[in-house]
There are 2 protein chains.
Amino acid sequence: MSRNDSEDTAPLAHRVPDLGAMELLLAVARHGSLGRAARDLGITQPAASSRVRSMERLLGVALVDRSPRGSRLTAEGVLVTDWARRVVEAAEAFDAGAQALRGRRDSRLRVAASMTIAEYLLPGWLIALRAERPGTAVSLSAGNSAVVAERLLADEADLGFVEGLGVPVGLDSAVIGHDRLVVVTAPTHPWARRRGPLLPAELAATPLISREHGSGTRQVLDAALAAHGGLAEPLIELASTTAVKAAVVSGAGPSVLSELALGEELAARRLVQIPVEGVRLRRDLRAVWRQGPLPAGPARDLLSLARPT
Amino acid sequence: MSRNDSEDTAPLAHRVPDLGAMELLLAVARHGSLGRAARDLGITQPAASSRVRSMERLLGVALVDRSPRGSRLTAEGVLVTDWARRVVEAAEAFDAGAQALRGRRDSRLRVAASMTIAEYLLPGWLIALRAERPGTAVSLSAGNSAVVAERLLADEADLGFVEGLGVPVGLDSAVIGHDRLVVVTAPTHPWARRRGPLLPAELAATPLISREHGSGTRQVLDAALAAHGGLAEPLIELASTTAVKAAVVSGAGPSVLSELALGEELAARRLVQIPVEGVRLRRDLRAVWRQGPLPAGPARDLLSLARPT
DNA sequence: ATGAGCCCATAAGCTGGGTTTATGAGCAGG
DNA sequence: CCTGCTCATAAACCCAGCTTATGGGCTCAT
């Protein structure tokens, strides 16, 4: 009834091959043969053949050159496969995260992490961990620094990750990396057209769009700008990083966010980064654990993966 | 018959919700209601309800808190949604690229780009272009610098993108960004354990895994190391960047690759970056067009998006 | 030559997940 | 207390993707 919309408005899932098809395409690229790709994925050769065909029909592009001696990607197929690989990699990160989230109490490694770290860094670490120590069952819970500390102290978690200035009492920690905070606005904002960098006092005096209290970002910003007149009252406070980004994109005002959260938006120029002069807007990313010797076993494995971020 | 493999070995697509489900989850997060999310995607409310349910069953995690006044994400749901967003974004890039690849000859903007740029940067630009100038039909063809130049001169393309040292004759150009080349090895390679940076002469003397001839990377490397004894014969030459990366990961030897191609591998520590002393391994990324005034219309729109990479 | 062993395509039939329509139940607010 | 929103359940449908069965093309070894 409503299928013949302009192709721009149809749901994404109808314009893009599904994950299984993309996996298949990657397998074809790896093996150079539809049949072997099929076997690799545990399906039959006709299934693979038909699936690749329907993918080509959907995209309107020939992806593989079939020959009696095998199948090779066409020039377009190489490109499509590379794009598909990125989708599949994102799906693998999703999977790694979801598996940890479902993780049972009896997991060998119970991790508690701040939202930002759980969202952007942990899936990658889990994939690496799976590669190095297959079969390590990890369970994940996410929350702010206080929650992480609480879980560690209650022995409900073996290893934690937090960002922010201090280390909660009762815990030992190691810095595993840093995180730059950046000032962003919509491309239409006056700051986006400035010639010189922003002065700390200007930033301090400007009401920002910010996360609700308890955010590690806020802490760092407060400390950095204390010497420049103190932080102005927020323009508006929102519940999630995503909501903040959406508000900034829509032009509601500037904000200060972790660069980890901004990859996509900066690349697509939905947001613009505003340089600031003479303030160090960095914060440490820390692994934390109950006071005492460095945790052994799987916790140590994960820690060594996370180290040089 | 072979379903009950350990859950690690089942195909990814069976462990992860499909793109439609992820889109739905994002819509639920946006709208705070299953019903409204359903309407937004053009399906009925029971369909949405059942789909979210089956997603929760698949993941083994409650994602939304249902109430008679709407649905909000649970804490786990927030995390899952953020991971899903990254998958969907990758799928959007896929879609943008695929649409351009299918683009007809009558497109308003015909782009020719080098593989690296087409693969890593163009989809993002196309998404941004779609946001700013909806309805601009773009067609894309990919090839090395010579092919790009040829297509421009034959008036089969309006705008090109190349990386490398020189600008082909007959074309004007503008630098739109830079691209660092980095030396990488498997984490097990001796270079990964060095204390100090690599010396240019060492790099020059070592056989590398490299792309086949004509690669822009090779050109730059040759020029940079000419003063240090010249580049050694390649250890092995492979057809695609992907094949090179796979070989390096497997420990076959070191290689020099564009940092654009290395995001995932470095983050997951499958590859390690080796610092090099005193050589500038950079190359320009350039937009190119037929000699004459800067192209107008959609070409100019795209150019201005690509500019400050 | 001729058969074996790859490759891929086509055809027919089954199955299950996602859909719709139809209905009901819980809570809010005029 | 009725209207309007929320979500859940049940039954029927449909199609995408799967399997099995088959055939044709090419290459290589016998």
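The chains referred to below are lettered A, B, ... by the order of the sequence lines, with proteins before strands, and numbering in each begins at 1.
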Nearest heavy atom decides the nucleotide; on that basis, is Pro68(A) or Ser50(A) closer to the 5' end of DNA chain D? Ser50(A)

Which heavy atom of Thr44(B) sits nearest a heavy atom of Ala38(B), and at what distance? O-CB, 3.5 Å

So, OP1 or OP2 of dC7(D): does either fall under 4.0 Å of a side-chain N or O from Ser49(B)? no

For residues Met22(B) and Pro17(B), report the shortest heavy-atom separation together with the two atoms involved. CE-O, 3.3 Å

Arg69(B) side chain N/O closer than 4.0 Å to the phosphate oxygens (OP1, OP2) of dA28(C)? yes

Verify, without hydrogens or angle tests, whether Lys245(A) (side chain) and Ala261(A) (backbone) share a donor-acceptor contact under 3.5 angstrom. yes

Could you tell me how far apart Arg72(B) (CZ) and dC5(D) (P) are, to the nearest whole angstrom? 21 Å

Between Arg36(A) and dC7(C), is there a contact of a side-chain N or O with OP1 or OP2 at under 4.0 Å? yes

Side chains of Arg211(B) and Thr217(B): donor-acceptor distance under 3.5 Å anywhere? no

Rounded to the nearest Å, what distance is computed from the CG atom of residue Leu41(B) to the P atom of nucleotide dG18(C)? 14 Å

So what does Arg39(B) hit on the nucleic acid, given a heavy-atom distance under 4.0 Å: a base, only sugar-phosphate, or nothing? sugar-phosphate

Is any side-chain N or O of Arg51(A) closer than 4.0 Å to OP1 or OP2 of dC18(D)? yes

Any side-chain N or O of Thr44(B) less than 4.0 Å from the OP1 or OP2 oxygen of dT20(C)? yes

Do the side-chain N or O atoms of Arg53(B) get closer than 4.0 angstrom to the phosphate oxygens (OP1, OP2) of dT9(D)? yes

Would you say dA9(C) has OP1 or OP2 under 4.0 Å from some side-chain N or O of Arg66(A)? yes

Just checking Asp18(A): base, sugar-phosphate only, or nothing, at a heavy-atom cut-off of under 4.0 Å? sugar-phosphate

For Glu23(B) and Pro11(A), indicate whether the former's side chain and the latter's backbone hold a donor-acceptor pair under 3.5 Å. no

What nucleic acid atoms does Ser33(A) come within less than 4.0 Å of, heavy atoms only: base, sugar-phosphate, or nothing? sugar-phosphate

note: Leu58(A), atom CG; dG17(D), atom C1'; distance rounded to Å ~ 15 Å

Quick one: Leu34(B) CG to dC5(D) C1', roughly how many Å, whole number? 13 Å

Rounding to an integer number of Å, can you tell me how far Leu24(B) CG sits from dC7(D) C1'? 14 Å

The side chain of Ala47(B) is closest to which nucleotide in this list: dC18(D), dC27(C), dT20(C)? dT20(C)

Please determine whether side-chain hydrogen bond (donor to acceptor under 3.5 Å, both in side chains) holds for the pair Arg151(B) and Ser141(B), giving the CA-CA distance in whole Å, both sets of side-chain angles, and the decisive distance to 0.1 Å. CA-CA 9 Å; Arg151(B) 295 190 69 85; Ser141(B) 66; 2.9 Å; yes

Atom pair distance, as rounded to whole Å: CD in Gln45(A) and P in dT10(C): 11 Å

At 4.0 Å (heavy atoms only), tell me whether Ser71(B) reaches a base, stays on the sugar-phosphate, or touches nothing. sugar-phosphate

In this structure, how many angstroms lie between the P atom of dG18(C) and the CD atom of Glu23(B), rounded? 14 Å

Which whole-number value in Å describes the distance from Asp65(A) CG to dA9(C) C1'? 16 Å

